Amino acid sequence: MPASDGSEGQQEFQKWYQAQFNQVKPKPPIVKNALWAFVVGGLICTFGQVILNYFLGLGLSMKEAAGPTSAVLIFLAALFTGLGVYDELGRYAGAGSIVPITGFANSIVAPAMEFKREGYVFGLGAKMFVIAGPVIVYGLVTAFVIGLIYWLRH
Amino acid sequence: MQTYLMAFIIGGLICIIGQLLMDLTPLTPAHVLVLFVVLGGILSGLGLYQPLVEMGGAGATVPLPGFGHSLVSGTIEDINKYGFTGIFSGALRATATGITAAVVFGFLAAVTFKPKG
Amino acid sequence: MDKKHGKQSISFAAPPAMTATATVAGPMEGDGLLGGQFDRILEDNLAGQDSWEKSEAAMLEWAIRTAVARGGTLADIDFILAGDLLNQLMSAHFAVRGLGRPFLGLYGACSTMAESLLIGAILIDGGFASRVAVGVSSHHDAAERQYRYPTEQGVQRPPLAQWTVTGAGSAVLTQGGAGPKVTAATVGKVVDAGLKDVNAMGPAMAPAAADTLWHHLQDFGRQPGYYDIILTGDLGQIGKKLLIQLMQEKGVDIAANYEDCGLMIYRDDQDPHAGASGCAASALVLCAHAYPLLVIGRLKRILLIGTGSLHSTTSYQQKESIPCIAHAVAIEA
């Protein structure tokens, strides 16, 4: 085993130790996690389809119905985050409750609630976008770049 | 019944991809959300996401790549209608309901509830 | 310099006594393995305060006041040494705000209990103080929102993750006096094993613990068997395994009398993943569990190796690896 202290042999030690660590590092239960993600994510989407069908039934077009469907799901996610249920679901469901739009809503409500103690402007208002902010930033930049390419080619 | 089944399967599969990314790579949930929106946008630009929406319905629109798809398809729609300025107006117009709902409901929930820890 | 031993160790000419301790723990800790041994268990993580940070400060203040009141008054305390995990030692500073005693704030992440005992003993043996109160605290929710995600965010914890303990522990050291004595200590070096995964704090700290333990044994010419138990705080399951392995590489077998404080707080079914962490983990195990056993003589000699992961949220976002520290304190009945 290489020496762990001082600069001499430090890098060698770090390399050796990383290998030791990788040997005992516990792997996440990949199959179980994937199954949970599939079932919970699938169910949230199926529920989304129920709402979507309801709005379609009111005579809205597919495009018109998409917005209200998101809004209903977001409302429910905000409610369950507030009630302290959504994080418990997330412990098991992982990506199943992160990837749907409800997870996006959760990532807005969770910091907003928690940082309310630091005030309504710098706490709630600013921290609300800790995770949602990057999503909107990169989403809009992507849309801009693709829109520009589309415009140049037409 | 068929539409519900397809929504379940397509939505579930997209979530599995997200889960595998979190379990097998150092990506955090925030990274996965950002990545999915960008990927959804790119696939939409290539014309590959719309077929998925037709197949999976809410299974393709509810997960975050669907948000990227809305951003890009809205942009393209506005470019067709208004030309150059559509590049700037389409993305937020198409997603306005969702974003406003998230901010307003988020605000209300944060004002109403206390975190339980 | 006859109190300095070898490269990193010291022994005390007149070993200070630990005359009293006090502990307070959160509801989850109260429901855990040491539940019956804490002086006070909170009903919820807020404990009547309006933020988790205030709750943590209140716990620390309570622990220090209670330990001090067991055989003395605040006015007799020459110095208070305390620390916690929050930025700018928020809990410690607010805890001592109303105590009106000379104070030194210490940061050693989860090693702070060992660090404060070590410095407290130096102050007393050096003749600078006759009574010193030490204390540390940590709070799961306050730590979670500072280091990781908001608590209501639906994220999955990896199997490597450790659960920050909600609680506070305090001890009083006195010149002379009855009680277990702090006899020797080894001051650790910052050791960076190169790990970058912030969930792998235990594994990152194991080489620091190995380095300190090795030098402690060398400096005093001792075998691990000299101690009834060697306690690290807190490497967790994987870190513990790695420390045993690292010591084996150096030809020292510690498996027989070694335990980690991170594995002594929660039951497995409480789902703490790799174990407990936080300043309070080693403080609760020492003050609520090991100390009473030392007092009644069931334990004769223990070595507490406090281990700290010295990263910050800024350092890991800048992709730095995790520097770690470990300090050892020998306590003998």
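None of these values were measured; they are calculated from a predicted model. Just so we're on the same page: letters track the sequence lines, and every chain starts at 1.
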| task | Give, as side chain, backbone, both or neither, the part of Ile79(B) having an atom under 4.5 angstrom from any heavy atom of chain A. | result | side chain
| message | Run the side chain to side chain contact (heavy atoms under 4.5 Å, CB included) test on Val32(B) and Ile98(A) for me, step by step, so that the C-alpha distance in whole Å, both residues' side-chain angles and the decisive distance to 0.1 Å come before the verdict. | response | CA-CA 9 Å; Val32(B) 171; Ile98(A) 291 170; 5.7 Å; no
| query | Which atoms form the tightest heavy-atom contact between Gly41(A) and Cys15(B), and what is the distance? | reply | CA-SG, 3.5 Å
| Checking heavy atoms, do the side chain of Phe88(B), its backbone, both or neither come under 4.5 Å from chain A? | side chain
| Close side-chain approach of Val37(B) and Tyr138(A), heavy atoms under 4.5 Å | no
| query | Side chain of Gln49(A), backbone of Tyr4(B): donor and acceptor closer than 3.5 Å? | reply | no
| note | Among Thr112(B), Leu108(B), Val103(B), Thr61(B), the residue with the most heavy-atom pairs under 4.5 Å to chain A is Val103(B)
| message | Using a 4.5 angstrom heavy-atom cutoff, name the option from Ala60(B), Ala7(B), Gly83(B) with the most pairs to chain A. | response | Ala7(B)
| note | Closest non-hydrogen atoms of Val109(A) and Ala109(B), given as atom of the first, atom of the second and distance, are CG1-CB, 3.7 Å
| note | Whatever's closer than 4.5 Å to a heavy atom in chain B on Ala110(A) counts as neither
| request: Please look at Leu52(A) and chain B and tell me whether the side chain, the backbone, both or neither of the residue comes under 4.5 angstrom of a heavy atom of that chain. | output: side chain
| query | When you look at Val99(A) and Ile14(B), which way does the side chain to side chain contact (heavy atoms under 4.5 Å, CB included) test go after all the steps? | reply | CA-CA 8 Å; Val99(A) 169; Ile14(B) 293 174; 4.0 Å; yes
| query | At their closest point, which heavy atom of Ala58(B) faces which heavy atom of Gly48(A), and how far apart are they? | reply | CB-C, 3.6 Å
| Got Leu71(B) and Thr142(A) here, is their nearest side-chain heavy-atom distance under 4.5 Å? | no
| request: Taking all non-hydrogen atoms of both residues into account, name the closest pair between Ala95(A) and Gly18(B) and its distance. | output: CB-C, 3.6 Å
| query | Where does Leu20(B) contact chain A at under 4.5 Å (heavy atoms): side chain, backbone, both or neither? | reply | side chain
| request: Could you tell me which residues in residues 44-53 of chain B have at least one non-hydrogen atom under 4.5 Å from a non-hydrogen atom of chain A, sorted by residue number? | output: Gly45(B), Val53(B)
| field | Which portion of Glu54(B) sits near chain A, non-hydrogen atoms under 4.5 angstrom | value | neither
| task | Check each atom of Phe84(B) against the heavy atoms of chain A and say whether the ones under 4.5 Å are side chain, backbone, both or neither. | result | both
| field | Interface residues of residues 147-154 of chain A facing chain B - heavy atom cut-off under 4.5 Å | value | Gly147(A), Leu148(A), Tyr150(A), Trp151(A)
| field | Pairwise side-chain contact, Gln19(B) with Trp36(A), heavy-atom cut-off 4.5 Å (strictly under) | value | no
| Is it the backbone or the side chain of Phe129(A) that comes under 4.5 Å from a heavy atom of chain B, or both, or neither? | side chain
| request: Show your working on side chain to side chain contact (heavy atoms under 4.5 Å, CB included) between Phe113(B) and Leu79(A) and close with a plain yes or no. | output: CA-CA 9 Å; Phe113(B) 296 104; Leu79(A) 180 67; 4.0 Å; yes
| query | Looking only at heavy atoms, which of residues 55-65 of chain A get nearer than 4.5 Å to chain B? | reply | Met62(A), Lys63(A)
| said: With chain A as the partner, which of Thr75(B), Val104(B), Ile16(B) has the greatest number of non-hydrogen pairs under 4.5 Å? | reply: Ile16(B)
| How far apart are the closest heavy atoms of Gly98(B) and Ser70(A), and which atoms are they? | CA-CB, 4.5 Å
| Closest approach of Ala102(B) to Ile108(A) (non-hydrogen atoms, all atoms of both residues) | CB-CD1, 3.6 Å
| Which of residues 113-124 of chain A get closer than 4.5 angstrom to chain B, counting heavy atoms alone? | Met113(A), Glu114(A), Lys116(A), Arg117(A), Tyr120(A), Leu124(A)
